[in-house]
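Worksheet: the structure to be examined is printed underneath.
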Amino acid sequence: MSGPTKEYRAFIRVKLTDDFLPSPVLSKEELHALLKDALDVGADDSPIVSVAVHDAR
């Protein structure tokens with residue numbers, strides 16, 4: 001068995017308040033795009049490599 005590595009997965013929950021969301025209802029795709037932009041996902045200096053949105057309904 002090998003030792004620990006530097007690669008892990010972390011799940012971050014984001015509180016979606018009225019201040020953060022531009023409108024009360026967004027599609028899953030719209031929310032994904034908003035979070036990706038706000039969190040600077042995939043940028044060279046960003047530690048965040050991806051974002052996923054799941055509809056809890």
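Counting from 1, the numbers follow the sequence of the chain as shown.
- Applying the side chain to side chain donor-acceptor pair (under 3.5 Å) test to pairs two or more places apart or on separate chains, none has a residue in residues 38-48.
- Not counting sequence neighbours, Ser50 has no partner by the side chain to side chain contact (heavy atoms under 4.5 Å, CB included) test.
- Side-chain atoms of His32 come within 3.5 Å of backbone N or O of Val51 as a donor-acceptor pair.
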